[in-house]
There are 2 protein chains.
Amino acid sequence: MTNSKSDTEKVILEAARKVFIRKGLDGARMQEIADEAGINKALLHYYFRSKEKLFKMVFREAMGKFFPSMLMILGSQDIAIEKKVEVFIEHYIRIIQENPFIPSFIIGELNKNPGQLTEFFVESGMDTSRVSFIIEEVLAKELKISTQQARHLVVNIIALSVFPFVSRPLLEKIIFHSNKDEFDQFVSERKSVIMNLIGTSIYR
Amino acid sequence: MTNSKSDTEKVILEAARKVFIRKGLDGARMQEIADEAGINKALLHYYFRSKEKLFKMVFREAMGKFFPSMLMILGSQDIAIEKKVEVFIEHYIRIIQENPFIPSFIIGELNKNPGQLTEFFVESGMDTSRVSFIIEEVLAKELKISTQQARHLVVNIIALSVFPFVSRPLLEKIIFHSNKDEFDQFVSERKSVIMNLIGTSIYR
DNA sequence: CGCTGTTTTAACTATATGGTTAAACCGTAC
DNA sequence: GTACGGTTTAACCATATAGTTAAAACAGCG
């Protein structure tokens, strides 16, 4: 058996992450998570009380991989805005590549339970006024564009970065004829494609 | 009771569409679909055999809303390519606005069962070689760009069109402070933002 | 060692779920 | 009216599921 309480919690969380992210809340089974963790199912309840509480932790953690660091990059004061956008794109694509299933997981679960899941995330400390500040006072000001244009910019970057991953099964099948190497090549080009596209809109 | 077999099938399909698209395969309950349809649950099995078969029909139908018409628009021979891209973007955004939950549904379900769901769609008649033809022989040729660039273009258009909808709960909360009117205003601007962005990359 | 608190286990529970069954009902044709 | 095939219903069923329970096992301390 594991050495201590914190190890068991960790083992459970790791297993839950794997299972929830691929199966979603409804599709995941507590026994499956227990099997993945190599523990007795009753421990899930002992440590986390319920399936939903366990899911909440995994969901918040998943969200937390994507948003806070974006604030840090765009909010930093010692880099030129164009460079910040570049680093942001680079960073974003890298995070997605390291966690390719998380965007689909978030999108799918949000569709099923938008209200509560958004609250889970906001509760976790997401500072929405900080986001607005970054968009209005940093992006818009430094790029000399309107707040709304800055919003569009952020959404465009995220959209262009995320989409190939969330639609991967389809793109591979339909456009790349199940050729994974070609798809991977396509993905490796995304950074420069996005930079060019976004770059022209910033400089225009 | 309904008048005939075809009415009962229709009523079931409509109810199943509503429930599956919001709850997904695992989250939807057969009793819930029966309640939504106002029929006895056993009829679901009588007409459609199983939950999965019913889901398959709904999934294929949902996919069918998004892809075939894109081929028609881009494949038509009597419009200038730039106009075709414009009509494509316009059409795509309109379809999404009319079916705002479908993209999230597709993305979420694909994450859970990529192999089989992709097959469901391909089985339904999606002509992947026709897609390649459109990308290579129409888009790439007419725009005088490489096949790979044409692929990026299609993915960019879809990404920019779809993303605000799949991330709506979050965007509304984080960027628009739950102001639905502002979000709707933002969405209404997407067409022109996307056209400008894509337009500059086409003409560059 | 005994005690206490914590962790883990195996068995159990109440309820839900997708699916089945048999009979009742309906519409049509003779 | 009867017979027949198709549709619908209410009850039922086998299994799965999240969660509970009580006891065993463990760890640390005096």
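Chain naming here is simple, since letters A, B, ... match the order of the sequence lines and numbering starts at 1 in each.
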- [ ] Rounded off to whole Å, could you give me the CZ-to-C1' distance for the A:Phe48 and D:dA18 pair?
- [x] 16 Å
Task: Result of checking A:Glu82, A:Lys84, A:Glu137 against A:Glu142 for side chain to side chain contact (heavy atoms under 4.5 Å, CB included) - done: A:Lys84
Open item on the list: Output the rounded distance in Å from CG (B:Asp7) to C1' (C:dG27).
Closed with: 15 Å
Open item on the list: Measuring only between side-chain heavy atoms, which start at C-beta, is B:Ile194 closer than 4.5 Å to B:Ser161?
Closed with: yes
TODO: Choose from C:dG18, C:dT7, D:dT8 the nucleotide whose nearest atom is closest to any side-chain atom of B:Leu43.
DONE: D:dT8
- [ ] Round to the nearest Å and state the distance from B:Phe55 atom CZ to C:dG18 atom P.
- [x] 13 Å
What N/O pairs connect the protein and nucleotides 10-14 of chain D at under 3.5 Å? Give each pair on its own line.
residue	atom	partner	partner atom	Å
D:dA10	N7	B:Asn40	ND2	3.2

Open item on the list: Does a side-chain N or O of B:Ser50 approach OP1 or OP2 of C:dG18 to a distance below 4.0 Å, or not?
Closed with: no
- [ ] May I ask you to list the residues of residues 23-35 of chain A, by number, that have any heavy atom positioned under 4.0 Å from an atom of DNA chain D?
- [x] A:Ala28, A:Arg29, A:Met30
Open item on the list: So, does B:Thr8 get its side chain near the phosphate of D:dT7, meaning an N or O under 4.0 Å from OP1 or OP2?
Closed with: no
Open item on the list: Taking the minimum atom-to-atom distance to the side chain of B:His45, which one of C:dT9, D:dT9, C:dG19 wins?
Closed with: C:dG19
TODO: Return each pair, listed once, that meets salt bridge (charged side-chain N to carboxylate O under 4.0 Å, His left out) where at least one residue sits in residues 47-57 of chain B; pairs must be two or more places apart or across chains.
DONE: B:Lys56-B:Glu123
Task: Non-hydrogen side-chain atoms of B:Pro169 and A:Leu117 separated by less than 4.5 Å - done: no
Open item on the list: Please tell me whether B:Gln31 and B:Asp35 have a donor and an acceptor in their side chains that are separated by less than 3.5 angstrom.
Closed with: yes
Open item on the list: Using the side-chain heavy atoms of A:Lys51, tell me which of these nucleotides is nearest: D:dG6, C:dT8, D:dA18.
Closed with: D:dA18
- [ ] Could you tell me whether A:Glu182 and B:Arg151 have a side-chain N and a carboxylate O separated by less than 4.0 Å?
- [x] yes
Task: Side-chain touch A:Phe163/A:Val166, heavy atoms, less than 4.5 angstrom - done: yes
TODO: Please report, rounded to the nearest Å, how far the P atom of D:dT20 is from the OH atom of A:Tyr47.
DONE: 17 Å
- [ ] Would you kindly check if the NZ (Lys) or CZ (Arg) of B:Arg168 is within the cone defined by 45 degrees around the ring axis of B:Phe183 and under 6.0 Å from the six-membered ring centre?
- [x] no
TODO: Indicate yes or no: at least one non-hydrogen side-chain atom of B:Lys10 is less than 4.5 angstrom from one of B:Glu14.
DONE: no
